[in-house]
Amino acid sequence: METLGTRLLSLPRHPTSKTVNNDHDDPVLSRINQCTNLNQLKQIHAQMLRTGLFFNPYSASKLFAASALSPFSSLDYARKVFDQIPKPNLYTWNTLIRVYASGPEPLQGILIFLRMVDESPYYPNKFTFPFVIKAAAEIVSVCVGQALHGMVIKASLGADVFISNSLIHLYLSCGDLDSAYRVFMMIGEKDVVSWNSLITGLAQKGCAEKALELFRRMDAESVKPNDVTMVGVLSACTKKLDLEFGRWVCSYIERNGISVNLTLSNAMLDMYAKCGSLEDAKRLFDMMEEKDIVTWTTMLDGYAKLGEYEAARRVLDIMPRQDIAAWNALISGYEQNGKPKEALAIYHELKLSKIAKPDEITLVSTLSACAQLGAMDIGRGIHAYVKEQGIQLNCHLTTSLIDMYSKCGDVNKALEVFYSVERRDVFVWSAMIAGLAMHGHGRAAIDLFSRMQEATMKPNSVTFTNVLCACSHAGLVKEGKTFLNQMEPVYGIPPEVQHYSCMVDILGRAGRFEEAVEFIEKMPIVPSDSVWGALLGACQIHGNVELAEKACSRLLELDPGNHGAYVLLSNVYAKTGKWDSVSRLRKHMRVTGLKKEQGCSTIEVNGVVHEFLAGDNRHPLSKEIYSKLDEIVARLKSVGYVPKKSHLLQLIEEDDLQEHALKLHSEKLAIAFGLLYMEAPQPIRIIKNLRVCGDCHSVAKLVSRLYNREIILRDRYRFHHFGGGHCSCKDYW
DNA sequence: ATAGGGTTAG
C-alpha cells in the first residue's frame, strides 16, 4: 500500500529535479514516451508509485495520457490510473473525457465532464469542449449538445473554430441542419475542417445536393479542399447515384493534386460500384497497391448489389479476412434483389463455418429474407438466437422482427415483440401499424396510430401509407379521407403518390367509383401507374367493365409491360360473362408476347420451404399431393362446392378442362401438402406471389371448415385467415 | 508545461 510516507521517503531519489521543467530532464518521464507495450508502462507506473513521482499531478498526467492514448492503451487500465490520481489536473480530466468520447461508452464522457465541473477546481477550457461535444454527438443528444453550446458561449469561447467545428458535427449528427448551418455562418475564419464538417454531415444526412452545392461554394471562395473534403463529396455523389459527377470529382482530385490515401481510394471505389460502373470499380481495385478490409468489402458489395453473385463470391473467397461485414454484403445483396432463398443459404453457410459471428445487420437482412419467403421457422430460429446471445433489441432489429412475424402470418407474435421493447422509433411503430393493416385489423392499426401520437412520436410518410392501407383493408372510408386531409396541414407531410393510390383503393373498394374518378382528376400530382392499378383492382371486385377498360388502358400507357393489368381486366370480363372479350384479350397477350406472371405458392414445413407452381410435378411427393387434392375436391363437392370458372385467365372451352386447370392452382397444391404433412393443431401457412383467386378463396374457406384447420394465406396484397368456413377479409379483397 | 475539430464498406 502506498502512503504519503513512502512518497516523502522516496523524494530524495530525484535530487536534480525538485520541479520537473522538461520531460527530457526526467529519465522516468522520457521513458514513458518510449514504451511499446502495456507491461512496460505498468512497470513505470509501479516505479512512480514507489518513488512518489506519481503524486506530482504533472507527472501523473503524462503517465495517464500514455495509458489512455498510446496505441497499446486500454480504457480499463487508463481508468484505474485516473482513479489513483489524487488531484487530476485539467489536462488529465480533458484526456479522460476525450478517450471516453471516442470509445464504446461516450455517455461516460459526459458524466466525467459533469464530475469535473462539480468536484474539480477547474473550469472547462477550449480543449474540454471539443471532446465533450464529441461525446454528445456520439450519443446523439441534441439536449446535451445545446446545454454545452450554452456553456461555450458563457465561457466566451464561441469564437473558437475548433469548438465551432465540433458543434457543426454535433448538430448534424442529431439531424438539426439549421443549427449546424447557423454555427457555420457565425465562424469568422472558417477553416477547411469547418467546410468538411458541414459537407460530410450533409452527405450523411441524405442532403447530397446541399453538400455538393457547398463544395461548389467552397471552390468559389477559394478554400482549398483536402482529401477529407473529397471523401465527403464522393459520398454525396454515391448517395445521389450520380456517376457523371462522381467521375468529374475523381478527375478534380487528380487535377488538383489532392493526396489520395486509402480512405479516399475506398470512397472512389464505392462511388463507382454504387453508381453502377463495375468496370471503373474493377480497374481502380486492380490498381490499388494498398487494400484494406473496406476495399475488399466495398468491391464485394458492388458485385452483390448489381447481381454479379459469382464475382461477389470470388471476392469473398479470396479476401484476406472474411469479417462479418463481407458476409453481410453478400446476404443483403441477395435479399435486396429478391433472392431470399439464396440469402438464407449464405446465412446458413456462415453459421456452419463459424468464420464470423452474425451481428445485428446480418440478422436484419436475414429476417427480411424470412419475411419475403414466409419462412417463419427460420425467422423464429433467429429470434431465439437473438435471445440466446443476449443481443439487445435495437430499433432496427425490433422492426425486422415485427415485420418478419407479420409477414409470416403471426401478427400476435409481432405484437408481443412490439410490447416487449422499451425503445420504439418511428419505424417500429410504422411496422406494427403495417402488420395490423395487412391482417385486416384496420381499427387496431388506427388505434395504434393514436397511441403513437400519445407517445409523441412523429409519424412519417411511410406511417401514413400504412395507416391508409389499414383503412383500405378494413373498408374505413371516412377515416381514410380524414387522415389524407390531415397529412399536410396537421403533420407537415405532403401526400405523395402512394397516399393518393391508397385513397383511390379505399374509395374503389367501397364501390364509390364516381368519387374515385373525381379524386383522380383533382389530385395535385400526375396519377402514376399505381393509382390506375388501384382503380382497376376495385373494378375487378365490383365487376365494373367500362371503368376497368379505361383504367387498364391508362395503366398500360404508363407501364406497357404490366401483365397484372391484363389479368385484372380479364377477370372483370370473366366475372361479367364477357367470354369473347376474354378471348380477345388472350389473343392480344399472345401476339404481344406478354405472359402472365407465373403463380407460385410456398409453404414452410419444419424449416424447409416447399414451392409449388400451378400444375407442377416437381415435388418428390407429387403423387400423394395430387391424390389428396382429388380427395379434397370430392369432399368439397359433396357439400355443394362448384368450381368458379370465371377465375381462369386461360380460355379453355371444355368444362372439365376448365375445372382441371382451376384445380391445379398452386395454392391448392400447397393446401393439400399442408394437410398431409403438417401436424393438426398448427395452422397451414401459405404464401402466394399473386392475388388469390376467388375459387381458391372458396376452397380455402371450405377446407377450413370441413377439415377443421386454420389456413393463413398471404397473397400479394394482404393476409387471409381462414377458419370455420370464413375468411378474415370478409370476402373483400 | 502537455492537447483539440472533419474521413470510406455492411
Side-chain angles (χ1 to χ4, degrees), chain A residues 19-23 25 29 32-33 56-66 68-69 89-95 97-98 101-102 125-134 137 157 160-170 172-173 183-184 187 190-204 225-235 238 261-271 273-274 291-302 304-305 315 319 323-333 335-336 356 358-365 396:
Chain A
T19 54
V20 185
N21 290 321
N22 185 311
D23 294 357
D25 296 348
L29 294 190
I32 289 177
N33 297 324
N56 172 311
Y58 175 71
S59 306
S61 79
K62 292 306 272 187
L63 178 77
F64 173 68
L69 300 173
N89 61 17
L90 183 53
Y91 172 78
T92 302
W93 282 104
N94 285 349
T95 305
I97 295 167
R98 175 184 174 188
S102 46
N125 67 357
K126 61 173 182 169
F127 295 107
T128 318
F129 283 109
F131 301 143
V132 67
I133 291 168
K134 161 94 183 229
L157 288 167
D160 186 290
V161 69
F162 283 81
I163 295 174
S164 298
N165 292 345
S166 318
L167 284 168
I168 293 173
H169 174 71
L170 163 93
L172 280 165
S173 71
V183 175
F184 178 78
I187 305 175
K190 301 177 187 56
D191 64 9
V192 67
V193 177
S194 315
W195 290 89
N196 289 351
S197 303
L198 201 54
I199 290 176
T200 308
L202 287 171
Q204 284 170 349
N226 63 12
D227 52 330
V228 178
T229 321
M230 300 325 287
V231 169
V233 172
L234 279 168
S235 145
T238 309
N261 57 20
L262 185 55
T263 304
L264 185 49
S265 296
N266 286 340
M268 285 161 68
L269 186 67
D270 189 46
M271 183 279 292
K274 290 244 168 57
K291 295 183 176 77
D292 66 359
I293 190 109
V294 176
T295 319
W296 288 94
T297 312
T298 303
M299 198 63 226
L300 195 171
D301 184 61
K305 293 278 146 52
V315 175
M319 65 194 287
D323 71 351
I324 190 60
W327 289 87
N328 290 346
L330 193 54
I331 293 173
S332 69
E335 176 263 309
Q336 288 172 20
D359 64 3
E360 271 105 343
I361 295 163
T362 323
L363 301 176
V364 165
S365 296
H396 270 118

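Letters A, B, ... are given to chains in the order of the sequence lines, protein chains preceding strands, and every chain is numbered from 1. Small disclaimer: the values here were computed from a predicted structure and weren't measured.
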Take atom CG of A/Asn89 and atom P of B/dA1, then tell me their distance rounded to the nearest Å. 12 Å
Can you tell me if A/Asp301 and A/Thr298 form a side-chain donor-acceptor pair at under 3.5 Å? no
Heavy atoms only, 4.0 Å cut-off, all strands: where does A/Thr263 land among base, sugar-phosphate and nothing? base
For A/Phe131, answer base if it contacts any base atom (sugar-phosphate contacts may also be present), sugar-phosphate if it contacts only those atoms, and nothing otherwise; contact means non-hydrogen atoms under 4.0 Å. sugar-phosphate
B/dG10, B/dT8, B/dA3: which one has an atom nearest the side-chain heavy atoms of A/Val294? B/dT8
What's A/Lys134 touching, base or sugar-phosphate or nothing? Going by heavy atoms closer than 4.0 Å. sugar-phosphate
Could you work out which one of B/dT7, B/dT8, B/dA9 sits closest to the side chain of A/Val228? B/dT7
Please check the phosphate of B/dT8 (OP1 and OP2 only) for any side-chain N or O of A/Gln204 closer than 4.0 Å. yes
With no angle test and no hydrogens, is the base of B/dG4 tied to the side chain of A/Asn94 by a donor-acceptor pair under 3.5 Å? no
Which nucleotide wins on minimum distance to the side chain of A/Ser197, given the candidates B/dG4, B/dG6, B/dA3? B/dG6
Given B/dG4, B/dG10, B/dA3, which nucleotide is nearest the side-chain atoms of A/Ala325? B/dG10
Can you find an N or O donor on one side and an acceptor on the other, under 3.5 Å apart, linking the side chain of A/Asn261 with the base of B/dT7? no
Can A/Phe127 be said to stack with the base of B/dA3, given centres closer than 5.5 angstrom and planes under 30 degrees apart? yes
Kindly give the heavy-atom pair with the smallest separation between A/Ser194 and A/Ile187, and that separation in Å. OG-CD1, 3.9 Å
With no angle test and no hydrogens, is the base of B/dG10 tied to the side chain of A/Asp323 by a donor-acceptor pair under 3.5 Å? no
What is the distance, to the nearest angstrom, from the NZ atom on A/Lys190 to the C1' atom on B/dG6? 16 Å
Separation between CE of A/Met230 and CG of A/Leu264, rounded to the nearest 0.5 Å: 7.5 Å
With sugar-phosphate meaning primed atoms plus P, OP1 and OP2, does A/Ile324 contact a base, only sugar-phosphate, or nothing at under 4.0 Å between heavy atoms? base
Rounding to an integer number of Å, can you tell me how far A/Ile168 CD1 sits from B/dG4 P? 19 Å
Would you kindly give the CG-to-P distance between A/Asn226 and B/dT8, to the nearest whole Å? 13 Å
Between CG of A/Asp292 and P of B/dA9 the distance, given in whole Å, is 12 Å
A/Ser265: partners by side chain to side chain donor-acceptor pair (under 3.5 Å), with sequence neighbours left out: none
What is the nucleic acid contact for A/Ser61, judged by heavy atoms within less than 4.0 Å: base, sugar-phosphate only, or nothing? base
Does a side-chain N or O from A/Arg98 land closer than 4.0 Å to OP1 or OP2 of B/dA3, or not? no
Atom-to-atom span, CE of A/Met271 to C1' of B/dT8 - whole angstrom: 13 Å
Is the shortest side-chain N/O distance from A/Lys274 to OP1 or OP2 of B/dG10 below 4.0 Å? yes
Take atom CG of A/Leu234 and atom C1' of B/dG6, then tell me their distance rounded to the nearest Å. 15 Å
Please tell me whether A/Thr263 and A/Asn266 have a donor and an acceptor in their side chains that are separated by less than 3.5 angstrom. no
Expressed in angstrom and rounded to an integer, what is the separation of A/Asn196 atom CG from B/dT8 atom C1'? 14 Å
Please work out if A/Thr297 contacts a base, only the sugar-phosphate, or nothing of the nucleic acid, heavy-atom cut-off 4.0 Å. base
With sequence neighbours excluded, tell me which residues meet side chain to side chain donor-acceptor pair (under 3.5 Å) with A/Asp359. A/Asn328, A/Thr362
